[in-house]
Amino acid sequence: MGKRNNLPIFLLLAVFIIATCGLIYELVAGALASYLLGDSVKQFSFIIGTYLFSMGVGSFLAKYITKNLFDRFIDIELMIGLIGGCSSVVLFLMFQQIEHFQFVLYFFVFLTGCLCGMEIPLLMNILKDRIQFRDLVSNVFAFDYIGALIASVLFPILLIPKLGVMGTSLFFGIINILVGVFLSFYLSKKLKNPIWIKMKSVSCLVLLSIVFFYSDDLLKYSESQLYGNNIIYKHSTPYQRIVLTENRGDYQLFLNNNLQFNTKDEYRYHEVLVHPAMSMAKDVSNVLVFGGGDGLAVREILKYPEVKKVTLVDLDEGMTRLFKTNELLVRYNQGSLNDPRVTVINQDAFIWAKSANDKYDVMIIDFPDPSNYSLGKLFTNSFYQTLAALMTDNTMVSVQTTSPYFAPKSYWCIHETIGSVFPNNIAYHTYVPSFGEWGFCLFSMNMQQRFTQLRRRVDKVRYYNYKFEELTNFPADMRTTEKVEINRLENQILVRYFDEEWGKI
């Protein structure tokens, strides 16, 4: 009698676990799509929509399950554990192997959502004679929503940093299957085929446990296929996947599958980003750097003996910590982030800039390309308007502005957006072998500032020759004949330009 009375409690706890695991699979798919395909907002939006739709399909199909409800409930639990748990493994392995990767991705999302959608109606059918309908509905959905809340909180704060995408999906797949194993023994007398259900449950648990045990090797293999070089470091932070590879003595840093620099030629990029502003500014005592958590731009800034203070604002503490502590990377940035003149602030630049009160002589803005809306906001006129409060009349600002060759609409959109706030600006570009032609913008509040006055220079440069005017000529194939819009916070047209242009490459 006691066991029968406890049945609704155990099944409601199963709802809680189901909801937690189901949302985790949805978040894993979104994170994986963001890592591999870019544009996190679009990927999460499509995946959430697909998942919710597929849950509706699953709920509809559940009405056709009328016999052996306990057997079918456990079967569905095992399938969710296997499919959801292994989804990230399969997707990582297939990314480089198949042409229509997105079809496979959304197929997994649909299948997982459909199975999760079947569980709640099936569970309500099981419990309808044991709990009053009013209590049944409220209890089932209360446990469901609580599980979803816990999953959404744990995913970015604990799971991704500690387990990574692949480890997280496998771990929760095992939890799903453990529920199935427990129920297959606990409900043994209610099952039509108890021995067969128990064998399936234990087999699924053993299989997924083996895959989880070898998950690091599987991830290493899939990433070696993806990056093609020897991976010497990898880490997932709450914000991005950091991978460092080595090829013939050169090192490459990837963030969410996008190349950030190659040690073979990064000096070209960073010298052209930093030295025009530093050499022309009236004063360089107090310098602000946005982004640039690798410390390479700061390395160039510190070459000027007049620099007294550098403030670096970068969102990801995992990134700045890596470039403060890793001996190999500290060698390349020459220990710039550990210099006593440098203060590192790990905060969203958009928010930090609104509350900052200091004035800066030079600003170096080295954000990643605007591949999603969270990055696109840092290229809006709203953000540039915020910078005005941190500038003096003589402050010089340089910004990386993506490639004028591969993405001319994106490039000139950023230039026009800056010009809408700071009319005294100039576009320039240089060639970086790892990236091709790359673009920048230099601007000042002072309308009398001319971008030809050289106030200082340092000898410790390998590429930049201080002949700035040579970088300001743009051939026809780096211009756009289309009129570009200003990138505003409410429309983020730049992200659409960027996705359209880089998506063709």
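What you are looking at is a predicted structure, and each value in this text was computed from that prediction instead of being measured.
- By the neighbour-count criterion of 12 heavy atoms within 6.0 Å, atom CD of Glu470 is densely surrounded, having more than that number from other residues, nucleotides or ligands.
- The backbone N or O of Arg248 sits less than 3.5 Å from a side-chain atom of Glu246, completing a donor-acceptor pair.
- Atoms CE and CZ, on Met396 and Phe443 in that order, are 10.0 Å from each other to the nearest 0.5 Å.
- Side chain of Asp348 to main chain of Ile351: a donor-acceptor pair is present (N/O by atom type, distance under 3.5 Å, no hydrogens or angles).
- Counting only N and O atoms by type, the side chains of Asn381 and Thr417 include no donor and acceptor under 3.5 Å apart.
- The pair Arg341-Asp339 counts as a salt bridge, with a side-chain nitrogen and a carboxylate oxygen less than 4.0 angstrom apart.
- At least one donor-acceptor pair under 3.5 Å links the side chain of Gln400 to the backbone N or O of Thr402.
- Electrostatic pairing of Glu266 and Arg299 counts as a salt bridge here, judged by a charged N lying under 4.0 Å from a carboxylate O.
- Looking at Phe406, Tyr411, Tyr497 one by one, the single match for ring pair (Phe, Tyr, Trp, His ring centres under 6.0 Å) with Trp502 turns out to be Phe406.
- For the atom pair Gln492 CD and Phe498 CZ, the distance stands at 13.0 Å (nearest 0.5 Å).
- Checking Thr245 against Tyr233 by side-chain atom types alone, no donor-acceptor pair falls below 3.5 Å.
- Between atom CD1 of residue Ile364 and atom CG of residue Leu312 there is a gap of 11.0 Å, rounded to the nearest 0.5 Å.
- Aromatic rings from Phe290 and Phe383 are positioned such that their centres are separated by under 6.0 Å.
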Could you list the donor-acceptor pairs under 3.5 angstrom formed between side-chain atoms of residues 322-330 and any protein atom two or more places apart in sequence or on another chain?
| residue | atom | partner | partner atom | Å |
| --- | --- | --- | --- | --- |
| Thr325 | OG1 | Arg321 | O | 2.7 |
| Asn326 | OD1 | Leu328 | N | 3.0 |
| Asn326 | OD1 | Leu329 | N | 3.0 |

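- Ser87 places no side-chain N or O within 3.5 Å of a backbone atom of Phe108 that could act as its donor or acceptor partner.
- Going from atom CG of Leu296 over to atom CG of Leu253 covers 9.0 Å, rounded to the nearest 0.5 Å.
- Aromatic ring centroids of Tyr269 and Phe440 lie under 6.0 Å apart.
- Residues Tyr304 and His275 have side chains that bring a donor and an acceptor to within less than 3.5 angstrom of each other.
- Summarising the geometry, atom CZ belonging to Phe107 is positioned 9.5 Å from atom OG1 belonging to Thr112; distances are rounded to the nearest 0.5 Å.
- In this model, no donor atom of one side chain and acceptor atom of the other lie less than 3.5 Å apart for Asp369 and Ser371.
- Annotation for Lys264: atom NZ does not count as buried by contact number, only 12 or fewer foreign heavy atoms lying within 6.0 Å.
- Remark: the Ser444 side chain and the Asn446 side chain contain no N/O donor-acceptor pair separated by less than 3.5 Å.
- Side-chain atoms of Gln260 and Asp294 include no donor-acceptor pair closer than 3.5 Å.
- Atom CG of Leu105 is separated from atom CE of Met94 by 11.0 Å, given to the nearest 0.5 angstrom.
- A donor-acceptor pair shorter than 3.5 Å cannot be found between the side chains of Asn487 and Thr380.
- Side-chain contact, Asp358 with Asn286: a donor N or O sits under 3.5 Å from an acceptor N or O.
- Within 6.0 Å of atom NZ in Lys359, more than 12 heavy atoms from other residues, nucleotides or ligands are found, so the atom counts as buried in its surroundings.
- Judged by distance alone, with hydrogens and angles left aside, the side-chain atoms of Glu271 form a donor-acceptor pair with the main-chain N or O of Tyr464 at under 3.5 Å.
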Inset, instruction - Decide yes or no on side chain to side chain contact (heavy atoms under 4.5 Å, CB included) for Thr320 and Asn346, but give the supporting numbers first. - result: CA-CA 8 Å; Thr320 54; Asn346 295 118; 3.1 Å; yes

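- With hydrogens and angles ignored, the 3.5 Å screen pairs no side-chain donor or acceptor of Ser434 with any backbone N or O of Asn262.
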Pairs of donor and acceptor atoms involving the side chains of residues 163-175, under 3.5 Å and at least two apart or interchain, shall be tabulated with distances.
| residue | atom | partner | partner atom | Å |
| --- | --- | --- | --- | --- |
| Thr168 | OG1 | Leu159 | O | 3.4 |
| Thr168 | OG1 | Gly164 | O | 2.6 |
| Ser169 | OG | Gly85 | O | 3.1 |
| Ser169 | OG | Ser88 | OG | 2.5 |
| Ser169 | OG | Met166 | O | 3.0 |

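- With Arg455 contributing its side chain and Met280 its backbone, the two residues share a donor-acceptor pair below 3.5 Å.
- Ion pairing between Lys409 and Glu482 holds under the 4.0 Å rule for side-chain N and carboxylate O.
- Remark: side-chain polar atoms of Arg456 are paired, donor with acceptor, to backbone N or O of Ala281 under 3.5 angstrom.
- In this structure, Arg457 contributes its side chain and Tyr466 its backbone to no donor-acceptor pair below 3.5 Å.
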Inset, instruction - Check the pair Ile493 / Arg488 against side chain to side chain contact (heavy atoms under 4.5 Å, CB included), numbers first and verdict last. - result: CA-CA 7 Å; Ile493 187 66; Arg488 305 179 191 280; over 6 Å; no

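- A distance-only check finds no donor-acceptor pair linking the side chain of Thr311 to the backbone of Thr343 [under 3.5 Å].
- Here side-chain hydrogen bond (donor to acceptor under 3.5 Å, both in side chains) pairs that include residues 418-429, with residues two or more places apart or in two chains, are His415-Asn425, His429-Glu437.
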